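Read through the structure below, which is laid out as structure tokens, and then see the notes.
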Amino acid sequence: MPHPPVAFHLIPPIDLARFLAPGRFAPLYSVSAFAERIFPLEFEPRDQFEQRLKKIEEIRALGHDPYPREFRWTDTPAALVEKFGGATGPELEAYKREVRVAGRIVSIRLMGKAGFAHLQGAGKRVQIYVKKDVVGEKGFRLFHLLDLGDSIGVRGHLFRTKTNELSIWVDEIFFLAKALLPLPEKWHGLTDVELRYRQRYLDLIANEKSRQIFMTRARIIQELRRFFDARGYIEVETPMMHPIPGGAAARPFVTHHNTLDINLYLRIAPELYLKRLTVGGFDRVYEINRNFRNEGISTQHNPEFTMLEFYEAYSNYRDLMDVNEQLFALLAGSITGSTSIKYGDTELDFSKMQRLTMREAIVKYWPKEAGEAPQVEKLALPGGAREATSRYNAWAKKSGAPYAASKGQLTDGEWTGLLFETIAEDKLVQPTIVYDFPTDISPLSKQKPEDPSLTERFEIIVAGMEVANGFSELNDPAEQERRFLAQIAQGGEEMPKQLDLDYIRALCHGMPPTAGEGIGIDRLTMLLTDSPSIRDVILFPVLRPEGGGESSSTSEAHGR
RNA sequence: AGGGGCGUAGCUCAGUGGUAGAGCAGCGGCCUUUUAAGCCGAAGGUCGUGGGUUCGAUCCCCACCGCCCCUACCA
């Protein structure tokens with residue numbers, strides 16, 4: 001059986017005599033003073049908190065540092081379960097080696113002069129057996145002082161109990177850290193969603209499912225890095241604080257730099273900086289990082305969210321579509337073991353992606369009850385999308401179907417986009433590439449040579465969610481300036497207020513033909529972990545502050 | 001922002017117009033292979049907050065706070 005190398009030598013052994021010298025563990029503060037200070041903060045339950053503070057003193061009295069510096073371990077609980085889960089009692093007896101294991105105590109069963117507990121570490125539990133005869137009087141007193149939630153280390157060897165559970169026969173207990181507050185209920189765990197989000201640390205301890213989701217999220221990001229690294233991309237970090245927010249249409253958060261005395265905006269997209277890098281000769285770049293949008297919160301929106309953005313010189317949006325089909329199939333396979341994955345009540349098949357132009361999608365998902373579907377050619381005519389929308393809306397009003405509400409005057413392209421979102425987007429459950437977006441709603445994409453009203457842009461929609469958005473990047477500085485100015489002229493809170501002149505200047509130095517794309521990591525993770533809400537895949541989603549934080553009606557970011 | 005739902009012990013949940021209950025956790029006791037350990041005993045609550053109706057409100061009504069879901073917003 002494998003015996004992993006143990007890195008005991010990395011840190012020189014401590015001088016125990018000096019370390020345990022009298023007074024060494026004298027409390028730095030009085031327990032009751034701590035309790036007085038902390039309880040205005042309302043950490044509950046107070047009785048258990050105080051009980052445990054007293055135990056700290058008793059642990060000190062036994063000669064243990066209640067908060068020691070380290071513990072040299074040989075195996076995690078998870079590793080033991082993995083390696084020895086199948087070993088029989090006699091096998092363990094024959095292969096009797098010393099193990100040193102650390103973990104959090106998640107169950108205790110005390111029985112007079114012996115007892116059992118479960119140590120949880122690296123996501124798995126292993127049982128320990130502590131016998132007074134073995135650990136001695138003091139060791140057993142320490143065992144008695146343990147609470148659920150405490151961190152301990154043990155030294156011992158593996159065996160199987162009468163009921164055949166893999167367990168550690170403990171020779172020595174090392175106290176590692178005190179838990180002053182109790183763990184959630186051991187059987188039902190933590191089910192209150194609000195508590196799960198606010199106190200994610202408890203959720204992670206108590207709910208294996210939650211732990212798995214975040215492990216999977218980490219693997220997804222790992223896989224993505226591997227995918228792009230293998231294709232000659234380099235990873236970069238561009239600014240999160242922008243003097244001019246750009247690269248998307250969204251309301252930014254505002255912050256202030258004191259020394260420079262300027263307002264800065266938390267970025268709504270890294271796009272314009274990444275393309276400056278393409279100008280600079282980084283032909284393949286990607287960034288995985290946060291964007292911030294001062295907008296609504298829902299099961300699909302968190303004010304800060306993680307995007308992968310990547311740019312590839314000398315390619316176009318068709319190349320990206322092909323890359324995406326590979327990437328999504330590969331990810332689904334490596335993360336879930338199959339290209340067909342369960343999401344809610346449906347099976348999503350990532351082995352292929354339907355491709356539809358935006359106009360085709362409108363025609364395909366036009367409700368029969370709303371009358372004859374418009375022709376693709378009709379939608380392309382001036383006023384065509386608008387006419388179709390009003391025909392649809394007339395029916396929607398009567399039938400109670402979603403209404404395509406427009407604010408103000410819309411252009412043909414905006415009508416097309418609106419109609420698409422109203423009737424088609426949420427119908428796109430199976431992975432679908434929707435392409436050829438109207439120019440009017442795609443200020444950063446290159447137009448189609450044969451039809452300047454459309455751009456070489458696509459989105460990947462899965463389970464009705466936009467998970468990716470890519471295009472052939474507009475690199476004509478004159479055309480880019482025209483579109484920026486049009487946006488500014490149009491106004492509105494989510495439109496840029498100011499021309500990003502340096503970006504135009506960068507384009508003037510010549511950006512090679514480039515294809516670029518953003519993939520929403522949070523939504524991708526939702527799909528691959530079968531999570532219905534984005535908050536299930538974000539460790540600390542945005543919530544209102546606890547205890548009724550001040551309601552600042554003077555939010556600068558809103559400018560209202 | 002609008003609609004619906006929820007808020008009872010640290011956690012998971014019952015419950016009632018007459019002032020509150022269980023399990024787990026915690027406390028005391030018994031128990032040297034248990035495993036949602038068991039047994040005995042004691043403790044733990046401004047029933048989210050504030051008003052109102054009522055002789056009496058945790059329950060009914062109103063407002064507020066927080067969370068969840070749907071809609072809206074989010075190219």
Side-chain angles (χ1 to χ4, degrees), chain A residues 42-52 54-55 89 106-118 125 127-135 140 147-149 159-165 167 169 179-199 202 206 247-251 268-269 291 293-303 305 358 400 402-403 405 407 413-414 416-418 420-421 425 437-445 455 457 459 465-466 469 471 487 492-495 532-533 535 541 543-549 551:
Chain A
E42 291 173 12
F43 289 172
E44 293 285 346
R46 181 171 185 148
D47 56 337
Q48 293 194 43
F49 190 94
E50 289 176 336
Q51 199 67 46
R52 289 169 185 225
K54 282 190 201 125
K55 286 184 181 178
V106 291
S107 75
I108 301 181
R109 291 171 298 284
L110 257 172
M111 294 170 315
K113 299 185 178 59
F116 293 90
H118 274 110
R125 296 168 175 203
Q127 181 170 260
I128 63 171
Y129 178 54
V130 180
K131 209 160 108 157
K132 191 172 183 180
D133 300 347
V134 178
V135 297
F140 204 65
D147 284 300
L148 296 188
F159 76 110
R160 279 193 186 272
T161 60
K162 271 184 192 165
T163 49
N164 210 32
E165 175 162 354
S167 307
W169 182 281
L180 292 171
L181 292 170
L183 243 31
E185 211 250 10
K186 67 179 172 186
W187 189 244
H188 299 92
L190 194 65
T191 59
D192 185 307
V193 266
E194 183 175 354
L195 287 179
R196 294 212 298 121
Y197 298 154
R198 287 198 195 277
Q199 294 178 261
L202 290 182
R251 299 208 310 240
I268 53 176
N291 292 330
R293 298 188 183 176
N294 205 339
E295 284 159 1
I297 296 177
S298 77
T299 45
Q300 293 173 28
H301 303 264
N302 193 62
F305 61 99
M358 183 176 275
Y403 189 79
K407 32 176 197 181
E414 288 168 331
T416 307
L418 176 65
F420 166 76
E421 280 164 27
E425 192 166 26
F437 277 51
T439 304
D440 298 334
I441 57 172
S442 310
L444 297 161
S445 332
T455 57
R457 172 180 169 194
E459 283 186 2
M465 286 192 294
E466 176 193 341
N469 180 10
F471 34 91
Q487 279 189 302
E493 285 199 275
E494 55 289 324
M495 286 300 174
S533 168
R535 290 179 215 103
L543 296 177
R544 280 202 168 74
E546 243 178 313
S551 55

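Just so we're clear, the structure is a prediction, and the values are computed from it rather than from any experiment.
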To the nearest Å, how far apart are A:Phe116 CZ and B:A36 P? 13 Å
Starting at CE of A:Met111 and ending at P of B:G29, how long is that distance when rounded to a whole Å? 18 Å
Considering only side-chain heavy atoms of A:Arg109, which listed nucleotide, B:U34, B:U32, B:A75, is closest? B:U34
Return the pairing partner of B:A36 with a 3.5 Å limit on both distances, Watson-Crick or G-U wobble; otherwise return none. none
With heavy atoms under 4.0 Å as the rule, sort A:Gly115 into base, sugar-phosphate or nothing. nothing
So A:Arg160, base contact, sugar-phosphate only, or nothing? Heavy-atom distance under 4.0 Å. nothing
Roughly, in whole Å, what's the span from CG in A:Leu181 to P in B:C11? 11 Å
Within the structure shown, what part of the strands sits under 4.0 Å from A:Phe420 by heavy-atom distance: base, sugar-phosphate, or nothing? nothing
If B:G41 has a Watson-Crick or G-U wobble mate with both distances under 3.5 Å, name it; if not, just say none. B:C27
Could you measure between the two P atoms, the one in B:A75 and the one in B:C6, and give it in whole Å? 34 Å
Quick one: label A:Phe437 by what it contacts on the DNA or RNA (base, sugar-phosphate, nothing), any heavy atom closer than 4.0 Å. nothing
Restricting to nitrogen or oxygen on both sides, can you table the protein-nucleotides 24-26 of chain B pairs closer than 3.5 Å?
| unit_1 | atom_1 | unit_2 | atom_2 | d |
| --- | --- | --- | --- | --- |
| B:A25 | OP1 | A:Lys186 | NZ | 2.9 |
| B:A25 | N3 | A:Gln48 | NE2 | 3.0 |
| B:G26 | O4' | A:Gln48 | OE1 | 3.2 |

Using Watson-Crick or G-U wobble geometry with both distances under 3.5 Å, which nucleotide pairs with B:A63? B:U49
At 4.0 Å (heavy atoms only), tell me whether A:Gln127 reaches a base, stays on the sugar-phosphate, or touches nothing. base
Whole-Å distance, A:His118 NE2 to B:U34 P, equals 13 Å
In this structure, how many angstroms lie between the P atom of B:C39 and the CG atom of A:Leu110, rounded? 16 Å
Heavy atoms under 4.0 Å, any strand shown: does A:Asp192 hit a base, just sugar-phosphate, or nothing? sugar-phosphate
Look at the side chain of A:Glu165 against the base of B:U33 and say whether a donor-acceptor pair falls under 3.5 Å; ignore hydrogens and angles. no
Touch class at under 4.0 angstrom, heavy-atom based, for A:Pro443 against every strand present: base
From the set B:U34, B:C69, B:G10, return the single nucleotide nearest to any side-chain atom of A:Pro45. B:G10
In this structure, are over 12 heavy atoms from other groups packed under 6.0 Å from A:Arg544 atom CZ? no
Measure all distances between protein nitrogen or oxygen atoms and nitrogen or oxygen atoms of nucleotides 70-73 of chain B, and list the pairs falling under 3.5 Å.
none

Could you tell me how far apart A:Leu190 (CG) and B:G10 (P) are, to the nearest whole angstrom? 14 Å
Please work out if A:Lys131 contacts a base, only the sugar-phosphate, or nothing of the nucleic acid, heavy-atom cut-off 4.0 Å. base
If I pick the C1' atom on B:A9 and the same atom on B:G21, what distance separates them, to the nearest angstrom? 10 Å
Could you state the CZ-C1' distance from A:Arg196 to B:G66, rounded to the nearest angstrom? 17 Å
Mind telling me whether A:Phe159 and A:Trp169 have parallel, tilted or perpendicular rings, with 30° and 60° as the class edges? perpendicular
Within the 4.0 Å heavy-atom criterion, would you say A:Ser107 contacts the bases, only the backbone, or no part of the nucleic acid? nothing
Does OP1 or OP2 of B:C13 have a side-chain N or O of A:Thr191 closer than 4.0 Å? yes
Whole angstrom value for the distance that separates C1' of B:C67 from CZ of A:Arg198: 8 Å
A:Ile441 near the nucleic acid: base, sugar-phosphate alone, or nothing, with a heavy-atom cut-off under 4.0 Å? base
